[in-house]
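Notes follow the structure.
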Amino acid sequence: HQAEKMVFGVYLPPGTGANAGWPVIIARGAYDRAAVLAAARVAARDAAPEEGTERAVAYTIVGQRAYMFPAADVVVVMERSLVRRVAARLLGEERRSVRDDDRFNDLWALVDGQQGPLQVAADLAAIRARVNVRLRGVGRTGEGLDRLVAWAEVPGDVRVRAAGQAHTEAAAQEITRLVDASTRQLAGQVMVRLLGLGRLLREGVVARAEGDRVTLTVQANATEAGRVLRISSALQELGAAE
């Protein structure tokens, strides 16, 4: 099966660490319910499926995951603890999300609006308050970013625009300094030049700070994007083999 569109989200329960998120995946495409659930059983080591309903919305639990099929070409996969919340949202009982929150309008304006097939909005201050996580590398100049939005255009040439509000102006300056220092350091490495990624790091990544706002632009041509993807895949395979 091949997805035509996919949305992925992670909810962080109160009092947990950043690695204990609840995942939700919404995919649209040519899906067959029986085939999806059969694959889920294999992944869950042949766990017996459990059928249920929540607010008249049917779902199937396999292992630790719940599967909903709200339309013929849509499947929603979630942590089983999120069934009630997802069902309420499907029925329109919970309409608002961070994606349509007016508090992010100013940040979307900094990146020319909500566009591209990939879009992200995050209330980082709220996440930190719930899970006690700080942005690494920002030091004591501030608590890092409080809000963040981003969009990306893929495949082919890749363009990413992101904007965030930092806790303080000093934190915004520190974030841009870290981005600039990191890209300069990587661009000077021999291996990076041999891989043909020097231009991307020297010219394709631009971070700016104005007041407590930070903007980031990443522009990679199709060749560079392909190389980054292949390197990332290779590193993941090496990590899995260890």
Side-chain angles (χ1 to χ4, degrees), residues 8-10 18-19 21 98 104 106-125 127-128 131 133-240 242:
F8 178 80
V10 176
N19 295 323
V98 72
F104 292 83
D106 57 333
L107 296 181
W108 284 119
L110 290 176
V111 293
D112 301 326
Q114 296 169 261
Q115 54 183 297
L118 302 177
Q119 298 177 21
V120 175
D123 188 338
L124 301 177
I127 293 173
R128 282 199 305 273
V131 301
V133 172
R134 290 190 177 187
L135 184 67
R136 292 182 179 179
V138 176
R140 297 186 179 279
T141 57
E143 295 294 335
L145 293 174
D146 287 345
R147 297 180 295 139
L148 173 71
V149 301
W151 58 258
E153 294 177 340
V154 292
D157 291 352
V158 174
R159 186 180 178 211
V160 180
R161 292 288 308 277
Q165 180 186 20
H167 190 62
T168 64
E169 292 187 15
Q173 293 289 341
E174 180 69 3
I175 291 169
T176 58
R177 186 193 67 78
L178 287 168
V179 172
D180 291 341
S182 299
T183 52
R184 285 198 305 270
Q185 181 182 13
L186 288 172
Q189 295 183 3
V190 174
M191 185 58 68
V192 170
R193 294 200 298 270
L194 290 175
L195 292 171
L197 298 176
R199 187 220 66 85
L200 171 60
L201 292 169
R202 290 192 309 272
E203 304 172 15
V205 181
V206 178
R208 292 190 174 91
E210 184 173 348
D212 62 355
R213 306 302 169 90
V214 179
T215 58
L216 175 70
T217 300
V218 179
Q219 296 191 70
N221 59 45
T223 300
E224 292 167 336
R227 287 171 180 165
V228 171
L229 182 59
R230 287 193 295 272
I231 292 169
S232 176
S233 298
L235 291 175
Q236 289 179 0
E237 291 177 4
L238 288 173
E242 292 180 352

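What's counted below: heavy atoms across the whole structure, side chains too, no hydrogens, waters or symmetry copies.
Contact record, V214 with T176: CG1-CG2, 3.9 Å, taken as the closest heavy-atom pair. Looking at every heavy atom in both residues, A122 comes nearest to F104 through O-CE2, 3.5 Å. Scanning all heavy atoms of the two residues, the minimum distance from G198 to A187 falls at O-CB, 4.4 Å. Looking at every heavy atom in both residues, A209 comes nearest to A172 through CB-O, 3.8 Å. Nearest heavy atom pair, residue A171 against residue H167, reads CB-N, 4.5 Å.
Remark: T223 engages N221, R227 in a side-chain contact (heavy atoms from CB on, under 4.5 Å) (not counting sequence neighbours). Residues forming a side-chain hydrogen bond (donor to acceptor under 3.5 Å, both in side chains) with Q173 (at least two apart in sequence, or on another chain): none.
From L178, atom CG reaches atom OG1 of T183 across 10.5 Å, with rounding to the nearest 0.5 Å. Rounding to the nearest 0.5 angstrom, the gap separating the CE atom in M191 from the CG atom in L186 is 13.0 Å.
The environment of Q185 atom CD is sparse: at most 12 non-hydrogen atoms of other residues, nucleotides or ligands sit within 6.0 angstrom.
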Pairs of donor and acceptor atoms involving the side chains of residues 148-164, under 3.5 Å and at least two apart or interchain, shall be tabulated with distances.
residue: W151; atom: NE1; partner: V111; partner atom: O; Å: 2.7
residue: W151; atom: NE1; partner: G113; partner atom: O; Å: 3.2
residue: D157; atom: OD1; partner: A222; partner atom: N; Å: 2.8
residue: R161; atom: NE; partner: T217; partner atom: OG1; Å: 3.2
residue: R161; atom: NH1; partner: D112; partner atom: OD2; Å: 3.1
residue: R161; atom: NH2; partner: L110; partner atom: O; Å: 2.9

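For residues 190-210, the set of pairs meeting the side chain to side chain donor-acceptor pair (under 3.5 Å) definition, not counting sequence neighbours, comprises R199-E224. The stretch residues 178-189 participates, sequence neighbours left out, in no salt bridge (Lys or Arg N to Asp or Glu O under 4.0 Å) pair at all.
Using a 4.5 Å heavy-atom threshold, the side chains of Q189 and L201 count as separate.
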Query raised in the report: Between Q219 and V206, is a side-chain contact (heavy atoms from CB on, under 4.5 Å) present by the stated rule, with each step listed?
Result: CA-CA 9 Å; Q219 296 191 70; V206 178; over 6 Å; no
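With 3.5 Å as the limit, one finds a donor-acceptor pair spanning the side chains of D212 and Q165.
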